[in-house]
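The structure under discussion appears below in the form of structure tokens.
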Amino acid sequence: MNTTAVLFLGIYFSIVLGIGIWSMRIGAGKDLEGYLLGGRRVGPLVTALTLQSTSMSGYMFLGAGALGFAEGYWALWYAAGDIGGGVLNLSVIGRRMRKFSQLLTSLTSIEYLEKRYPSAAVRAIAGTLTVFLLGCYVLAQFIAGGKGLELVTGVPYWLALLIAVSIILLYTLLGGYLAVAYTDALQSVVMLIGIGWILIAALIELGGLTAANESIRSIDSTLLSVWGRGLGYEGEWGIVLGAVLIFSVGYMGWPHVVTRHLAMRRPATARQAGAYATGWNLLFVSTPYILGILAIVILPDLDDPELAIMRLAENLLPAAVTGVVMAAIMAAIMSTADSLLLQTGTVASRDLYQRFLNPGATERQMVRVSRILVLAIGVIGYYIALSEPPTVFSIVVFATSVLGSAFLPAYVCAVWWRKANTPGALGSMIAGASIAFAWEPLALVESTGWHPMLAGVFGSTIVMIVVSLATQERSPVPAEILAAMDEAARVR
């Protein structure tokens with residue numbers, strides 16, 4: 001056990017719990033808007049940092065490193081899209097969605113979809129998909145947290161997992177969205193410091209990037225190419241494009257990420273937040289993949305590629321610094337897990353329970369139900385994570401591909417296309433989710449050369465356009481929604 005690292009982690013966990021208690025004391029969880037959106041008073045810096053840290057997840061410290069270790073520089077295709085994901089999200093839908101959601105009096109991203117595309121079926125389908133897929137996504141974060149704490153503390157996996165899940169649950173339950181946003185902001189800074197420290201240590205160990213590349217060349221020169229180990233992806237532009245899209249435009253279809261737009265202080269917040277998000281991404285996004293690549297030389301006998309970055313920290317850094325790095329890894333995991341839990345509980349309580357089971361529920365009841373569901377999801381996720389299902393990388397790519405495919409056209413068209421109607425949105429969500437979900441099980445990646453994300457977004461977009469145009473006369477967009485769209489478009 002690394003005692004220094006454990007002590008540092010203990011201090012760090014105490015700080016994030018303190019933020020949760022502070023958020024509760026200032027009233028962030030007393031009413032529904034306060035609990036779910038922080039009272040719509042989050043500024044540009046915190047908006048940018050919570051948007052990006054939520055998007056990154058434990059995937060960046062486990063999945064990204066594993067991909068770099070397995071495929072070399074091909075992994076950077078994922079980073080290429082990710083760098084511009086934040087500013088693209090905020091620029092395309094952030095400003096208009098903030099104003100439009102307030103005009104529609106929407107408190108959740110799923111409620112927003114129903115009010116833009118008036119139909120109970122929209123909310124039922126979108127809510128069910130979101131709960132299932134975010135449940136899968138949060139499972140990946142739990143597994144990552146358990147592995148990280150197990151490595152640094154030496155305690156059994158079940159206990160490390162229990163500690164990680166308990167801390168995430170506690171501060172999420174205490175302060176709601178405001179606790180999540182401010183802890184995310186803190187955690188994004190810790191992530192940046194931690195990942196940068198490991199990169200510097202790894203480059204010093206190898207004598208610089210040029211020397212590292214020469215060492216990799218002597219092991220397998222194909223790892224230096226953009227086509228992966230053994231040139232396995234050579235000419236597979238459909239897979240490459242999907243890898244770029246999943247973390248660039250894909251963000252705009254993730255309910256737990258677009259919720260950040262609803263909580264901004266004002267629509268104009270999106271512009272400054274976009275600049276902050278881009279700056280943070282330029283410093284962070286590529287580094288975990290590069291560390292996985294460097295681990296090919298430093299850790300040639302690594303048996304679990306998902307531990308590449310953690311093992312680098314353990315081998316190259318002093319004990320005190322390892323504590324900072326482990327805090328960064330836990331920050332990446334916790335900053336996504338808390339958002340996923342809050343969003344899943346919100347959707348299950350407001351968009352499913354209150355909408356279909358108990359329409360007369362009060363705001364206090366809604367907050368209580370949301371907290372109960374967050375707790376239930378955490379407990380269920382803990383027990384599933386004990387069995388260590390598929391890798392963090394595979395779970396995250398699956399969940400984000402299906403989410404992006406299902407919701408991307410619906411969110412983008414909601415503010416930009418006046419002819420996007422209810423049948424188009426329903427068809428788009430069903431088609432996108434079905435295609436992305438079935439693409440790999442049906443072995444269509446190999447036969448078509450298309451990434452599930454590319455296939456899903458292409459299918460859902462075509463369905464949105466064709467069905468909306470074909471049903472304009474039968475299902476026109478209501479005049480009041482068109483008026484609200486026009487008002488949202490005038491916001492500067």
Side-chain angles (χ1 to χ4, degrees), residues 35-37 50-51 53-59 63 89 107-113 122-145 164-165 168-169 172-173 176-177 180-181 184 246-247 250-263 332-353 355 369-385 389-390 392-408 410-411 429 432-433 436-437 453 456:
Y35 183 70
L36 301 183
L37 297 177
T50 185
L51 181 81
S53 58
T54 293
S55 305
M56 295 301 124
S57 84
Y59 159 80
N89 194 335
L107 295 183
T108 75
S109 56
I110 304 303
E111 181 181 20
Y112 168 82
L113 285 177
V122 168
R123 199 161 182 173
I125 292 171
T128 303
L129 276 173
T130 299
V131 169
F132 170 71
L133 293 167
L134 294 191
C136 292
Y137 202 170
V138 81
L139 176 63
Q141 308 313 308
F142 286 172
I143 295 168
V165 172
I168 294 166
L169 280 175
T172 303
L173 290 169
Y177 181 84
V180 167
D184 283 358
I246 192 170
F247 295 138
Y251 284 159
M252 291 184 282
W254 299 358
H256 63 293
V257 173
V258 299
T259 295
R260 270 65 193 153
H261 306 327
L262 277 63
I333 294 161
M334 293 164 67
S335 62
T336 298
D338 56 15
S339 300
L340 294 170
L341 280 170
L342 182 64
Q343 185 68 15
T344 308
T346 297
V347 172
S349 60
R350 182 172 177 82
D351 295 309
L352 296 177
Y353 169 77
R355 177 66 176 83
V369 169
S370 181
R371 283 174 165 151
I372 291 171
L373 288 169
V374 165
L375 181 61
I377 292 163
V379 171
I380 293 169
Y382 168 78
Y383 282 105
I384 296 175
V392 171
F393 175 80
S394 62
I395 296 174
V396 169
V397 169
F398 162 74
T400 53
S401 293
V402 180
L403 280 170
S405 299
F407 297 124
L408 175 59
Y411 282 123
M429 288 189 293
F437 188 89
M453 177 72 182

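Nothing here was measured: the structure is a model prediction, and the numbers come from that model. Just the heavy atoms: all of them, side chains too, but no hydrogens, waters or symmetry mates, feed the values below. Numbering starts at 1 and runs along the sequence shown.
Scanning for ring pair (Phe, Tyr, Trp, His ring centres under 6.0 Å) contacts around Tyr382 gives an empty result, with sequence neighbours left out. Listed by chain and number, the residues in a ring pair (Phe, Tyr, Trp, His ring centres under 6.0 Å) with Phe142 amount to none (sequence neighbours excluded). In terms of the side-chain contact (heavy atoms from CB on, under 4.5 Å) criterion, residue partners of Thr400 (sequence neighbours excluded) are, by chain and number, Tyr137, Ile246, Phe247, Trp254, Val396. Listed by chain and residue number, Asn358 satisfy the side-chain hydrogen bond (donor to acceptor under 3.5 Å, both in side chains) test with Tyr353 (two or more places apart in sequence, or in another chain). Applying the ring pair (Phe, Tyr, Trp, His ring centres under 6.0 Å) criterion to Phe407, with sequence neighbours excluded, gives no partner residue.
Here salt bridge (charged side-chain N to carboxylate O under 4.0 Å, His left out) pairs that include residues 122-143, with residues two or more places apart or in two chains, are Glu114-Arg123, Arg123-Asp351.
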I would like to know whether Arg350 and Thr108 meet side chain to side chain donor-acceptor pair (under 3.5 Å); could you show each step before the answer?
CA-CA 8 Å; Arg350 182 172 177 82; Thr108 75; 5.2 Å; no

Take Val402 and Met453 through the test side-chain contact (heavy atoms from CB on, under 4.5 Å) and record every step on the way to the result.
CA-CA 7 Å; Val402 180; Met453 177 72 182; over 6 Å; no

Is there a side-chain contact (heavy atoms from CB on, under 4.5 Å) between Thr344 and Leu373 once you walk through the steps?
CA-CA 8 Å; Thr344 308; Leu373 288 169; over 6 Å; no

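Counting heavy atoms from C-beta on, the side chains of Met429 and Val122 come closer than 4.5 Å.
Across all non-hydrogen atoms, the minimal contact from Gly432 to Ser405 is O-CB, 3.3 Å. Across all non-hydrogen atoms, the minimal contact from Ala410 to Leu113 is CB-CD2, 4.0 Å. Nearest heavy-atom pair, Ala385 versus Ile143, reported as atom, atom and distance to 0.1 Å: CB-CG1, 3.9 Å. Nearest heavy-atom pair across Val258 and Met252 is CG1-O, 3.7 Å. Scanning both residues, Ala126 and Ile110, for their nearest heavy atoms gives CB-CG2, 3.9 Å. Nearest heavy-atom pair, Leu107 versus Glu111, reported as atom, atom and distance to 0.1 Å: N-OE1, 2.8 Å.
Between the Tyr411 side chain and the Ser109 main chain, a donor and an acceptor come within less than 3.5 Å of each other.
Of the listed residues (Leu408, Leu133, Leu129, Val257), just one forms a side chain to side chain contact (heavy atoms under 4.5 Å, CB included) with Leu403, and that residue is Leu133.
Taken to the nearest 0.5 Å, the NE2 atom of His261 stands 6.5 Å off from the CG atom of Leu51.
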